Structures are given as C-alpha cells and as structure tokens.
Amino acid sequence: MRRGIGEEVPRTLPAILRHVLPVWLALLVLLGASLALAYAPLHGLNGAVSLGIAAVKAILVAVFFMNLRRPDPLLRLAGAASLIWMSFLFALTFADLTARAPQTQPQAGQGRDSEPPMRQPF
Amino acid sequence: MSGALREPWRSLRRQREAAAFGTWIFLGGEAMLFAGLILAFAVMRALHPAGFILAGRETEVALGTANTAILLTSSLTMAVAAEAARAELRRATLWGMGLTLALGAAFLAVKGFEWSSDLEKHLFPGDGFALAEPSAQIFFALYWIMTSLHAMHMLGGMTVVAWLGWQAWRRARPLRSPAFEAAALYWHLVDIVWIVLYPLLYLGGRAP
Amino acid sequence: MNHITPAIPAPDAIPHEEPSYLTAERGIGSWLLTTDHKRIALLYMAALTAFFFIGGAGAVAIRLELFTPKADVLTADGYNRMFTLHGTVMIWFFLVPSIPTTLGNFLIPLMVGARDLAFPRLNLLSWYLFIFAGAVLIYALVAGGVDTGWTFYTPFSTTFSNGYVLLAGLAIILAGFSSIATGVNFLATIHLLRAPGMGWFRLPLFAWAIYGTSLVMVLATPVLTAVLLLVIAERGFGLPVFDPSRGGDPLLFQHLFWFYSHPAVYIMILPSFGVISEIVTCFSRRNVFGYDFMVYAILWIAIAGFLVWGHHMFVSGQSIYASLAFSFLSFVIAVPSAIKVFNWTFTLYRGQITFEAPMLYAVGFIGLFTIGGLTGLFLASIPIDVHVSDTYYVVGHFHFIMVGGAVSAFYGGLSFWWPKITGRKYPMTWARFAAILMFFGFGFTFFPMFIMGYLGMPRRYQVYPEEFQVWHVMSSAGAVLLAGAYLLPMGYLAWSVFWGEKAEDDPWNATGLEWSTSSPPPRDNFRTPPEVDEGPYFYHPEGEGPGHDHGDPHRDQVRTP
C-alpha cells in the first residue's frame, strides 16, 4: 500500500489519519519496549538495544511524518548527507580516542597546580 | 488564488519542493549541531564508563518517558496539520496546530518540573554536587546543555507553529503555502533529536 | 493558477533605458529592506569593506610591533588581543563570507538564469544577522578584548583567559547562522532555479565552486556552533566538558573545532577556484581544460576536506595512529587542488593571453596558491610538522592560501565583474599596477615567514631574538606595499562609479549567462527568461589551435525565444 506518493496527497481527514495513526502507535510501542528492555539484564547490550530502537523510531518519523517515502530523490539526498558527514565526525574522532597513548597528566579529582586567576565576567 | 506563490518562483509545485529541500538542508545542519554534542557525550562516555552509568541512574526516567510520549504525539498532530493544510482542510489544520502547541507546552512544563527536581537533588555540576564521582558531573554537564538546547529548539518550533497557526486562523496565509510543511519538518526533527537523547540520558545504567 | 504571468513586455517593445537594479528604486529604505540579491551583494560589500579595515588594523598593529625585537608599541596582553582581533575578524567576518556573499550573491542567479535567489527574504535576514554578529564581536573586542587567538583553545579559553570570550563566541555563533542561511539559499537556488536547458554540466565553474562551498558551510558550521556552546557552558556556567582537572578532554575541543575550521579553509578557497577558472578561461580565450575534472575536483575537495582536520593536532597528544591516517588523507586532498592548478595551466597553454587586470590577479593567484599548497604538503608530513608546528612557517603557509589565494581572487573577481555590477569601467593602467603591486607586496610580506619559521621563530610571540629581526623588518616593509595595493582599488573603483566610462554588456567578450544581460542588470536580471543550449564556455575548444584570425567567441550562445 503506497498512498501519498508525490503530489497525490490524501484529501480528507480520515484518509490522513489512516496514514499517520499506525505510525504513532508503532512509535509508542517502541517507546514502551525500549523502556522495558533498559531494565532487562542484557549483559552490557542495553545501550546498543536502546540506541537501535531509537534509530528505528527516528527512521519511522523521517519516512512517514517527514515524507521521505515520497519519491523525491533530492530530499532523500539532503537527508542522507548529514548522516554521511556524522559518520566522518564520529569515525575519525574515535580513531584518535581508541588509539591514544595512556594519559600521563594528573587524573580527574587530583586538582590543578594553581588556581585560575581572577577574570572578567564575560 | 495563488497567494501562496512568491518571487522568484514560477510554479507552486517547484516552490513547495524548494521549501522542503531548503528546510531539509537546514535540518541537516541542525542534525550536525546535535551530532557535535552527542559526539562529546560519546567521547566522555568512552573515557568514563563507570561515572556515566552511575550518573545515568539519577535522571528522572518517568518524566523523561512521559515527555517522549508527549513529543511523539505532538509529531502526530503536527503531521496531521501539515497534511490537512496541503489538502486545504481548514478545521483539521487549526486543530492539529493547536494540539501541537498544547503538547509542546506540556513537554516544556514536564521538563520544568524535571529540572527543578534535578536542582533539588543537587545534580547541577559544581560545588556540593550530589555524586562523589567527578565524571558524573560531566554526564550532568552534557545533560543540562543538551536538554536546554533542545528546549530552546522546542520554543523556536512553538513560535513558528503559533505564528503560522495565527496566520491560518486570520486567513492571512493560504493553506497551500509550503510554510506549513516546512514548519512540520522542523518539528519532526526536534522530535527525532529527543528520540536519540532519550536513551542516552534516561536509559543508561538502568539494567542490574 | 500556477504561473505568474511575467509583467514584461515583448523584447522589442522595451525601451533601452529600462532602469537597472541600481536605479529601479530610490531612497535608503529601498536598500536596507531590499530582497534583490544584487543589492544585498552590495550591502555585503560595504559591510565586508568595513570589517576588512578593522581586521587590517589588527595586522598593522602586529607588523608595527614586530618591527623591533623588543616590546615597544603594545603590552604583551595588548599584542595577544591584537592578533586575536586580526584572526577572528579576518576569518569569520571577511574571508568566510567574502566571495560567496558578494560575488556569489550577485552572480549565482545571473549565472543559472534565475530572477533571484530561492529565498530572497532569508538572504536579507542573513545580512542583518551578519551585521549584528559583527557588532557584537567588535563590542567584545573593544570593550574587553579577547586574548585566546582565533582558535579559542581550551582549557585556556574556558578557565584562564581574561577577556570577553563568551561574547566573542556568541558573535561567531550568530555569524554562523548567517553563513548557514547563505549556504541553504545557494544550494536551493542551484538545485531548483536553473533556467530551462541549464544542466548540471552546463553550470559555470564559479557556480560549481559556490555549490561546493555552500555544502561545506551548511554541514560544518553547526559543529562550530556546538563546540562554542560547550565553551560558553563551561566558562559561563561551570559545566565541565573540556577541563582536564575535572575529567574533561581538551582534545575533544580540538576535534570539534577543527571539524569546522579545516573545512572552513575550503569555504575560503573554493570560491576563489571558481573565480580564477572564469578569469583564466576568458583572458586566454580558450575553453577550460578538463571541465568535468574541475567539477569533480571541487566536489572531491568539498567532501574529503572533512577528513583531514587532525593534521592540525599532530603535536597535541592525539593518537599517533590517528595522526598517520590524517597525514595520509591530507596528501589525498592535495590531489584535486593539483588537478585544478594543472588544468588552469593547460587552459593557458596555446591561448591568446591578454594581461588585463583580472588576469594579472589570476596568474598571481596560481603562483601563490601553488606555493601555499606545496608548503601545506610539508606541514602534512608529521616529521616536518613537529619541527615547524606553531612557527611562522605555518603563518606563512596559511597566508599564502588565504591572502595570496582568497584575497587575490576576491580582488580579481571584483575587477572582472565590476563592469557588470556597476556598469562602469575602471582605469586599466591603475588596475594593472595595483595587481602587480599586490603580488610583490604579498611576496615581501609573507615569503620571509617561511624562512624565519624554519629557523624557529614561534608564532604569536611579541618579543623575539635579534637574529630574526631582518626577516620581520622585511615582512613589515612588504606589508606597507601590500596595504597600498589593497587601498588603491578602493580608490579607482570608487572613482569609476562616478566618472568611469560606461561599460558595454560584455566588455571582456566573455561567455556565460551573466554577460548576456545589460550592465548593470535590470531588477529581474533578464528581460526575457533565458534558455540555455550550450555549455558555459564558448572560446576555442581544447583540440583546436589558437586561431589568431578570429578573436571573438560565439556570441549567440544564449538564445532568447
């Protein structure tokens, strides 16, 4: 069932609601699932599961509410671009973080050698 | 009746596509803004896993979940409003936008209660912070920054929705104007940002 | 009803004296509330000139102070404030907006055959945001001063700095909004407002360059906003993120900052590539060599420019393995820049070259940019970078790119399109003199920096050992020439507006849609909506000889229905 493609949009309120209500229900079910699974003992996979569910929810909103299901390649391109650039940001920052030499500076909580000087309010 | 058409466009269809495209690019930028903050969160979580688990248990999960449900529902009403505007269903548009505004206000009200409860529990970083672990302060630093920036985006979205709703009410803006869809796109992005923040800020460290 | 019926009479019914965009409306309000992209370009030009003078004042103070090894003009704190002023104003309030907001604003709708940018009111809003941001920054710099350098490194900026860091950060965030608005506008215009027949590979290279720039603006600037918000939160509200004494990570700041600030270099240089491509092809009367590859090179730079930021952090304590990856990727990004330099050179080859002022700027650009680019490769090699990091070698390198490159191209573009913008011609002898003076003034100012940097002169130092004085004196003396070369065009261009000879529609016999309309263009750019059935360049094709017997390009490139 592919309603609402391109310029063909639903013209009546019931048609619109038929469109969006199932998506909303799915989102609420996913919200409940992610809350419940956060308390389940998943042996360290809780974070991955909750972020995975969040990704599904985000995709549902983007595809159905933000109309990415309409076959407009331009909008899909714009939507995909920021994801690619985010992957640049995360991949290269973590390339540094995961391979960094052990810290030689004093660790957190040990305080600094001198107090910061007085400074202006701005 | 082509009051919706503006310079320099020759057809409403093209103008509508441009409004959606322009908004999408802008939203790509907004996503990068939050990606920068989420990267900070991810880096700090990787550096201090224990402190982040400890601190993650202190957030108000009930209020956070309620707010997520409120925001998801506001996305529903906003989607209805945008589709209705496009179909030139005046009553449905106005109802949709009104409900969206009400739900947005409800979100901010719940957020306000949550913040005041956080302050009472001394969860604002600085002297007298509730948790002894220093890196827990970093979690809450990012919690305050991200939730307040998100709330500012909510305020911005509500301003736009209120303005467009008022114009639609006064019949000052034709319902076929692409602005309704653009505002809806923005609203949904603010929703998506919250969808990602929810597991990061409220669900970490809950499992035994 | 889906179509606006153009309120334009048939072409032959038009009296030739149809008012241009300059005379269509009168009064100060018609300028300050205009949504005409051409007028907004002029508003930007006025604002940028002011910021250029303010940033230039910082440079004057620096060069004056460095004339002698001792501190004799400024206090140490005052010197820090001056180079911060110079850096922040020149980067965010001159170089980043320079070509896109002036020439780009003016030319993009003309080049794609549109009546205006996609969102004209957003365009005006971005100007007001820019002005407001500039006012906030100037207030911060004058009232309290900022001593962090333009990079705002933590934990100095968040904990120790004794200046108006918060306000300066806010100003740069606001300028970022303006930049994003401009980028969105250009992207939407180039995607959706191209004239019938204007396919992607019929776009002039300047339009492609602005397209790539806009992409970088929209995707990089928000990350700068994010990192400045974190700085403001830590400094203003005590929320720890970067402070190592509270478990924060100062390297995280550098990652986020350079994720914007390295691509920002491409925001500054990509538009110059576009300008130079237009000028070189016009004054050598040959089609751009390898148009397709020029396009791919622009896109390659716009995307891969995001993958190299870590080469600013080789000595920061970043992982050595990450440094290796960033070093390799920095060599990769040199390839498209080299493609462009080679293609300009091949465009010149067997051309009928004439040295009008824009061409002199362009040829100077190619040489200076090549030196700047090659020294960049030295800096991308970790062993050399460890030696010259934070020395004048780095200062020399990025000034060759940004001043020898971007500013030369800005002046070149200005002198190329000036007849189109104002409808007047400027005195060519003076212009040629200014272009040559700029080249030599630039060389005297910045080339010594490579030598003293290699010898170990650190950047941002006010007091230095006497052995470096000869280089500093040379540099300061060159700066006087350079200042003269920058001021001269302001004089003769202003003169030309009042007393200059009237310019023809196409004074350089150039091809491209912008030259097919009148000089200056009417409010709606074209009397009849243009249709395009040719590429942007119609000089002598690559395979043909120079053809000394026919200097004219095809003139019927644009068919008007």
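Nothing here was measured: the structure is a model prediction, and the numbers come from that model. Chain letters run A, B, ... following the sequence lines, proteins first, then strands; residues in each count from 1.
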State, with a plain yes or no, whether a side-chain heavy atom of A:Leu13 is found less than 4.5 Å away from one of B:Val80.
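The answer is yes; the side chains approach within 4.5 Å.
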Report the option among B:Ile38, B:Leu27, B:Asp191 that has the most heavy-atom pairs separated by less than 4.5 Å from atoms of chain A.
B:Ile38
Let's test your reading of the structure: which of B:Leu203, B:Leu76, B:Ile195 forms the most heavy-atom pairs below 4.5 Å with chain A?
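Looking at each of B:Leu203, B:Leu76, B:Ile195 in turn, B:Leu76 comes out on top.
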Proximal to chain B - members of residues 88-97 of chain A, heavy-atom separation under 4.5 Å:
A:Leu89, A:Phe90, A:Thr93, A:Phe94, A:Leu97
With respect to chain B, which residue among [options] yields the maximal number of heavy-atom pairs within a distance under 4.5 Å?
| options | value |
| --- | --- |
| A:Ala58, A:Gly79, A:Gly47 | A:Ala58 |
| A:Asn46, A:Leu27, A:Leu31 | A:Leu31 |
| A:Leu51, A:Ile53, A:Thr98 | A:Leu51 |
| A:Ser34, A:Ala55, A:Ala81 | A:Ser34 |
| A:Leu28, A:Leu35, A:Leu21 | A:Leu35 |

Does any backbone or side-chain atom of [X] lie under 4.5 Å from a heavy atom of chain A? Answer side chain, backbone, both or neither.
| X | result |
| --- | --- |
| B:Ala82 | neither |
| B:Leu200 | side chain |
| B:Leu185 | both |
| B:Glu181 | side chain |
| B:Phe21 | both |
| B:Ala184 | neither |
| B:Thr23 | neither |
| B:Val193 | neither |

Interface moiety of A:Leu17 toward chain B, non-hydrogen atoms closer than 4.5 Å:
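Contact with chain B: side chain only.
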Over 12 non-hydrogen atoms of neighbours within 6.0 angstrom of CH2 in B:Trp95:
no
Would the number of heavy atoms belonging to other residues, nucleotides or ligands and lying under 6.0 Å from CZ of B:Arg45 be above 12?
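No, not enclosed.
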What's the separation between atom [atom1] in [X] and atom [atom2] in [Y], rounded to the nearest 0.5 Å?
| X | Y | atom1 | atom2 | value |
| --- | --- | --- | --- | --- |
| B:Leu33 | A:Ser82 | CG | OG | 12.0 Å |
| B:Leu189 | A:Phe65 | CG | CZ | 14.5 Å |
| B:Ile192 | A:Lys57 | CD1 | NZ | 11.5 Å |
| B:Thr68 | A:Leu30 | OG1 | CG | 12.5 Å |
| B:Glu83 | A:Asn67 | CD | CG | 5.5 Å |
| B:Arg206 | A:Tyr39 | CZ | OH | 4.5 Å |

